[in-house]
Amino acid sequence: MIDLKFIRENTEDVRQMLAERHTEADLDRLVELDTRWRENLTHTQSLKAHQNQVSQQIAQLKKAKQDATETIAEMRELSQKIKELTAEANAAKAEIDAILLTIPNMPEASTPVGTSEADNIEIKTWGELPSFDFELKPHWELAEQLGLVDFQRGAKVAGSNFVLFKGLGARLERALIQFMLDLHTTQHGYTEISPPFLANRPTMTGTGQIPKLEADMYRCDRDEENPDSDLFLIPTAEVPVTNMFAGEILSGDELPIYYTAYTPCFRREAGAYGKDTRGLQRIHQFDKVEMVKFTTPETSYVEHEALLANAESVLQALGLPYRVVQHCTVELSFAAAKCYDIEVWAPARQRFLEVSSCSNFEAFQARRANIRFRRTAGAKPEFVHTLNASGTALPRVVIALLETYQNPDGTLRVPAVLQSYIGGLTQIG
RNA sequence: GGUGGGAUGGCUGAGUGGACGAAAGCGGCGGUCUUGAAAACCGUUGUGGCGCAAGCCACCGUGGGUUCGAAUCCUACUCCCACCGCCA
């Protein structure tokens with residue numbers, strides 16, 4: 001979330017940001033509540049100061065074996081008044097916090113103001129777009145023919161847009177996971193994490209999935225009496241990994257921290273029906289290797305560029321052409337201040353597919369999850385900056401592999417870096 | 001799933017209604033001493049909120065409650081530990 005103080009002092013900037021993101025939040029109500037809450041608080045606190053003083057006097061009277069009945073009777077009234085005012089203040093603060101959770105992050109200065117995907121900026125491209133002298137098969141056709149994916153049975157077991165990998169398809173999936181984890185841990189200095197695949201409500205709130213995107217999450221355990229105990233299937237490893245340090249104060253010399261994690265990711269994709277759902281492009285459960293960084297505020301943008309390079313290196317090693325685009329204001333995700341997308345080239349359909357979102361959240365998630373650090377022993381705690389990037393999402397990489405490395409006879413070449421992970425096979429089919 | 005025990009500052013740990021934001025020890029930081037270090041000694045050392053400020057307020061796992069006053073009493077919950085049951 002954004003600092004309440006910042007909103008108080010820069011209300012119009014926040015209003016403009018909401019407009020540029022095409023988002024709504026009850027900013028006026030927030031400002032009004034904030035004023036009322038602070039007035040109440042100041043008043044209540046002075047009453048409490050008085051209460052504390054008199055309470056001590058009562059203690060002294062009692063010690064001196066003197067009668068305090070009259071004073072106690074007076075205090076009873078004050079106590080009641082304080083209780084009422086506190087209840088009002090708490091109600092106001094609860095509403096303030098609820099609104100705060102719905103306000104997205106302030107975009108970083110270089111973010112272009114835009115109204116659609118078309119306003120994203122292409123930052124770079126890598127690799128030659130390949131040309132073919134035969135007609136390419138779309139990935140879903142090839143995957144079925146090679147027996148790598150069983151779309152029918154995936155749907156039978158779980159429903160539409162769930163898939164089942166089979167044989168070398170399953171093995172390819174596993175090979176890609178291994179390859180990516182090995183790359184990040186041995187070449188880029190990341191520590192591997194294998195987190196829970198379920199997360200509770202505070203954890204989901206910490207990274208910003210809740211409350212805004214709750215409808216997109218699978219909730220698999222509901223506890224009416226303790227909503228905090230509700231469990232959700234994670235939509236990305238970002239959620240459990242970033243929240244590892246929720247409520248903690250790290251020491252400055254631990255930073256930066258680099259973590260990488262493989263997890264399946266679960267997304268209801270509510271409202272996305274019929275949109276690019278053919279084959280592996282948009283499925284409810286997919287595998288992903290994620291990278292998460294915790295950094296000091298002053299280094300986060302340098303770290304962001306390095307993170308992008310780490311993610312890119314996956315596609316480079318696989319020999320898959322891609323481009324990098326920077327999100328404009330309406331495309332920027334709720335919690336991000338700056339975001340690059342890496343989009344891999346899918347030659348059969350002649351289009352780029354997003355396989356990684358590389359974001360700097362600055363202190364937005366850290367403030368929600370209360371993740372802080374001390375520069376030196378004894379220094380004041382400050383919020384860390386959090387960043388993450390997919391490194392990368394698998395199904396769309398599989399799409400690109402199928403479409404890029406297919407032969408005219410319907411067989412598939414295996415990129416060199418994957419061969420050792422797949423029993424030395426150079427070709428599938 | 002059952003029974004029992006627990007949760008206090010960076011850590012260990014005292015505190016069962018009134019000067020307790022909290023003893024003591026360890027650790028950290030600063031200093032004295034020392035050629036330097038160690039030891040010893042002295043000092044210091046939580047977080048957040050409101051306020052222009054002085055300052056005030058809050059926080060002893062979390063939420064409610066009792067009371068003039070709660071770390072302390074009541075209550076619900078969460079997590080941790082141990083044992084039993086079940087189980088890959």
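Per chain, numbering begins at 1; letters A, B, ... match sequence-line order. Please read all numbers here as calculations on a predicted model, not as lab measurements.
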Quiz item: When you compare G17(B) with G13(B), how far apart are their P atoms, in angstrom units rounded to a whole number?
Solution: 23 Å
Exercise. Remember a base hit wins even if backbone is also touched, and classify R36(A) as base, sugar-phosphate or nothing at under 4.0 Å, heavy atoms.
Key: nothing
Self-check item: C1' gap between G4(B) and U72(B), integer Å
Solution: 23 Å
Quiz item: Should the pair R267(A)-D216(A) be classified as a salt bridge under the 4.0 Å nitrogen-to-oxygen rule?
Solution: no
Quiz item: Should the pair K212(A) and F334(A) be classed as cation-pi, given the thresholds of under 6.0 Å to the six-membered ring centre and 45° from the axis?
Solution: no
Quiz item: Angle class for the H184(A)/H188(A) ring planes (parallel below 30°, perpendicular above 60°, tilted otherwise)?
Solution: tilted
Between protein and nucleic acid, restricted to nucleotides 8-11 of chain B and to nitrogen or oxygen atoms under 3.5 Å apart, what atom pairs and distances do you find?
none

Dump every N/O contact between nucleotides 65-67 of chain B and the protein below 3.5 Å, one line per pair.
from   : atom 1 : to     : atom 2 : distance (Å)
U66(B) : OP2    : K83(A) : NZ     : 3.3

Quiz item: What distance, rounded to whole Å, do you find between the two C1' atoms, one in G46(B) and one in A53(B)?
Solution: 24 Å
Exercise. Identify whether any heavy atom of K93(A) sits under 4.0 Å from a base atom; if not, whether one sits that close to sugar-phosphate; answer base, sugar-phosphate or nothing.
Key: nothing
Exercise. For RNA chain B, produce a single dot-bracket line, 5' to 3'. Pairs: Watson-Crick or G-U wobble, both distances under 3.5 Å. Symbols: ( ) within strand, [ ] crossing, | other strand, . unpaired.
Key: ((((((((.[[[..)..(.....]]]((((((.......))))))(((((....))))).[[[[[..)....]]]]])))))))....
Please tabulate, one pair per line, each protein N/O and nucleotide N/O from nucleotides 77-81 of chain B that are separated by under 3.5 Å, including the distance.
from   : atom 1 : to      : atom 2 : distance (Å)
C77(B) : O3'    : N226(A) : ND2    : 3.3
C77(B) : O2'    : N226(A) : OD1    : 3.0

Self-check item: P spacing across the pair A70(B) / U62(B), given as an integer number of angstrom
Solution: 16 Å
Quiz item: Under 3.5 Å, is there a donor-acceptor pair between the Q60(A) and Q66(A) side chains?
Solution: no
Practice problem: Would you confirm whether the ring centroid of F294(A) sits within less than 6.0 angstrom of the ring centroid of F245(A)? | Solution: yes
Exercise. Answer yes or no: is there an ion pair linking E343(A) with R396(A), defined by an N-O contact shorter than 4.0 Å?
Key: no
Quiz item: Reckon I58(A) touches a base, only the sugar-phosphate, or nothing at all at heavy-atom distances under 4.0 Å?
Solution: base
Quiz item: Short question: side chain of R368(A), backbone of T207(A) - any donor-acceptor pair under 3.5 Å?
Solution: no
Quiz item: Does the ring centre of H385(A) sit less than 6.0 Å away from the ring centre of F364(A)?
Solution: no
Practice problem: Could you measure between the two C1' atoms, the one in C56(B) and the one in C80(B), and give it in whole Å? | Solution: 37 Å
Show every donor-acceptor pair shorter than 3.5 Å between a side-chain atom in residues 412-429 of chain A and any protein atom, with sequence neighbours excluded, or say none if there are none.
from    : atom 1 : to      : atom 2 : distance (Å)
R413(A) : NH1    : N407(A) : OD1    : 2.5
Q419(A) : NE2    : V414(A) : O      : 2.8
Y421(A) : OH     : D182(A) : OD2    : 2.6

Quiz prompt | U75(B) versus C20(B) - spacing of their P atoms, nearest Å | solution = 29 Å
Can you pull every protein N or O that's under 3.5 Å from an N or O on nucleotides 57-63 of chain B?
from   : atom 1 : to     : atom 2 : distance (Å)
C57(B) : OP1    : N52(A) : ND2    : 3.0

Quiz item: Going by an N to O cut-off under 4.0 Å, is there a salt bridge joining R36(A) and E39(A)?
Solution: no
Quiz item: With a 4.0 Å cut-off, would you call R15(A) and D28(A) a salt bridge?
Solution: yes
Exercise. In whole angstrom, give me the gap between the P atoms of C29(B) and A38(B).
Key: 11 Å
Quiz item: Can you list the steps and then say if E382(A) with R375(A) is a salt bridge (charged side-chain N to carboxylate O under 4.0 Å, His left out)?
Solution: CA-CA 8 Å; E382(A) 301 170 56; R375(A) 283 177 193 278; 2.5 Å; yes
Quiz item: Nearest to the side chain of P381(A) - G18(B), C68(B), U47(B)?
Solution: U47(B)
Quiz item: Among U47(B), C68(B), G49(B), which nucleotide sits nearest the side chain of L41(A)?
Solution: G49(B)
Quiz prompt | Nearest-neighbour nucleotide for the K380(A) side chain, A19(B), G48(B), G18(B) considered | solution = G48(B)
Quiz item: What interatomic distance, in whole Å, is found between C1' of G21(B) and the corresponding atom of U45(B)?
Solution: 14 Å
Self-check item: Presence of salt bridge, R201(A) and E214(A), under 4.0 angstrom
Solution: yes
